[in-house]
Amino acid sequence: MEAIVTKTGTEENSWGGGDRPLNAGYGKMMIWFFIVSDALTFSGFLASYGFSRFKFLDSWPIADQVFTHIPFVHGNYPMYYVAFMTFILIFSSVTMVLAVDAGHHMKKNKVILYLFLTIIGGAIFVGSQAWEWGTFIKGSYGAVETKGGKILQFLDTDGKRVAIGDFAIPIATEREDHLENEGIWYESEVARTSFSLEEVKAGFLANESYLIRTQYLDEHGERIVLSREESIAKLESDGKLIVEGANLKHNEYGTPLFADFFFFITGFHGFHVFSGVIFNLIIFFNVIIGTYQRRGHYEMVEKVALYWHFVDLVWVFVFTVFYLI
Amino acid sequence: MADHNLAIFRGLLKFKSNETKIWGVFILLSLITFVEVAFGITKPEFLTSHRFLSLKYLNWIFITLTLVKAYYITWDFMHMRDENSSFNRMVVWTAVFLICFLVFILLIEGDYVFDVYVENYVKFNF
């Protein structure tokens, strides 16, 4: 450890470099300052999410209606899976702090065990996040986007969501894929949805009890459902294209901004979790080969633990902002 | 770092060892998460129908519980409780002040843009 320490020549003063005036090692202090700056980055993202949400306060998607899936299970289960993910991350924080505690007592085998559990927890979380993204991108019911970029969703007789694939009436068309060598070369084929707007319109007219739900919210925060006449008029006059799932431009759940922020913020957080897992892996192998045991202290585990807890801390806020509020 | 401050709730609850304190804090955080999820799924009527500073009571509860969780993660998992108070303030006060400022400015501005959309002559109704 002493090999790379440079001396200032003023070690006798309390701020001269020889002392630890704040009673924290240099590395630990710097990881705290990094955490402060990273916290500001994340708060910038979340605050800009808040800005956009306040800007479109009367038409923002309701999280309960967006994230409703659990792996391997059909049906409508809002919140449960993301609650599980939160729990996993908190638990991996617990095993991490237990590893730090074992490190203080120089118990190498316990550090190895707890670090291993932390890595497993982190991997489960990243996997869950990937699944959540996949589900969100794939979409579940499909919707119609209007000329103004607003979303119209379809409800059946009981007021439940109905997928466009379940009621659209197939119409035989002769639309062919545009190929670069058979037309204007700089125009490329747009993504084809499984049903065209005309097919969905025909299906909607044929099912006389179906209604349209807009993305606007009433004064109770519920989304406004149009009457049958209004639904038909809206679909006929404003319907522009079919949206299935979500990407950065179109989003079947509501405003595209919601999808943009979702991808950006959870993506950035997921990247932090991923790099945290990598750091954990590195020190995990260092612990196994006994680097810190020989060094005489496990401060490196403590530093990585600080980063890992910070990732958990950020998730607590992301969870609240995206899924609860 | 051998001596940990083992009391939480301002000394109301004192743990015997650092390890039991970790498990105690874990139970507390799990309970808070459980309450949050329960509120998020049931959405009680009396909490969603009233507002304070244009936010529903329910959302104030979520924000408060989140801050409580953040406090215990920072203070007990990240051991901020055991650091020097000057170091603690250097980290926490800086972040809290700047984040409050940022959130305040951006939310006020977002609300203003919303008002412009609602009250202006240009209508976004297609």
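So that the names make sense, note that chain A is the first sequence line, chain B the second, and so on, each numbered from 1.
In this pair, A/His309 and B/Phe77 present their aromatic rings tilted. The plane angle is within the 30 to 60° band. Aromatic ring pairs are classed by plane angle as parallel below 30°, tilted from 30° to 60° and perpendicular above 60°; the pair A/Trp315 and A/His269 is tilted.
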Full working for side chain to side chain donor-acceptor pair (under 3.5 Å) between B/Asn18 and A/His104 = CA-CA 11 Å; B/Asn18 192 39; A/His104 285 151; 5.4 Å; no

Evaluate ring pair (Phe, Tyr, Trp, His ring centres under 6.0 Å) for A/Phe45 paired with A/Phe264, printing each intermediate quantity in order.
-> CA-CA 8 Å; A/Phe45 293 160; A/Phe264 200 74; 4.9 Å; yes

Applying salt bridge (charged side-chain N to carboxylate O under 4.0 Å, His left out), run through A/Lys55 and B/Glu109 and close with a yes or a no.
-> CA-CA 8 Å; A/Lys55 184 173 161 186; B/Glu109 186 66 12; over 6 Å; no

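Interface residue A/Val94: backbone and side-chain heavy atoms are both found under 4.5 Å from chain B. With a threshold of 4.5 angstrom between heavy atoms, A/Ile35 approaches chain B through side-chain atoms but not through N, CA, C or O. Both the backbone and the side chain of A/Met29 have a heavy atom closer than 4.5 Å to some heavy atom of chain B.
To the nearest 0.5 Å, the span separating CZ on A/Arg295 from NE2 on A/His297 amounts to 6.0 Å.
In terms of heavy-atom proximity, B/Lys69 sits nearest to A/Ile90 at CE-CD1, 4.2 Å. Taking all atoms of both residues into account, the shortest heavy-atom contact from A/Gly276 to A/Tyr307 is CA-CE2, 3.6 Å.
Proximity of the aromatic rings of A/Trp60 and A/Tyr49 is defined here by a centroid distance below 6.0 angstrom, and this criterion is met.
Here A/Lys150 does not pair with A/Glu145 in a salt bridge; the nearest charged N to carboxylate O distance is not below 4.0 Å. We find that B/Glu83 and A/Lys28 are joined by a salt bridge, their nearest charged nitrogen and carboxylate oxygen being less than 4.0 Å apart. A salt bridge links B/Lys43 with A/Asp64: at least one charged nitrogen is closer than 4.0 Å to a carboxylate oxygen.
A/Thr68 and A/Tyr77 form no side-chain donor-acceptor contact under 3.5 Å, judged by distance and modelled atom types alone.
With chain A as partner, the option from B/Leu102, B/Val103, B/Thr66 having the largest number of non-hydrogen pairs under 4.5 angstrom is B/Thr66. Chosen from B/Val37, B/Leu65, B/Ile22, the residue pairing most often with chain A at heavy-atom distances under 4.5 Å is B/Ile22. Note on B/Thr33, B/Leu106, B/Val113, B/Ile41: by heavy-atom pairs under 4.5 Å with chain A, the leading option is B/Leu106. Most heavy-atom pairs under 4.5 Å with chain B, from the set A/Val100, A/Leu98, A/Leu306, A/Leu46: that is A/Leu98. Interface summary for chain A: among B/Lys56, B/Met90, B/Met80, the most heavy-atom pairs under 4.5 angstrom belong to B/Met80. Taking chain B as the reference chain and counting heavy-atom pairs below 4.5 Å, the highest number among A/Trp308, A/Tyr80, A/Phe54 is found for A/Phe54.
Residue-level contacts of residues 92-100 of chain B with chain A, in order of numbering, are B/Ala95, B/Leu98, B/Ile99; threshold 4.5 Å between heavy atoms. Among residues 316-325 of chain A, the residues having any heavy atom closer than 4.5 Å to a heavy atom of chain B are, in sequence order, A/Val316, A/Phe317, A/Phe319, A/Thr320, A/Leu324, A/Ile325.
Residues B/Leu29 and B/Ile73 meet the side-chain proximity criterion, which asks for heavy atoms closer than 4.5 Å.
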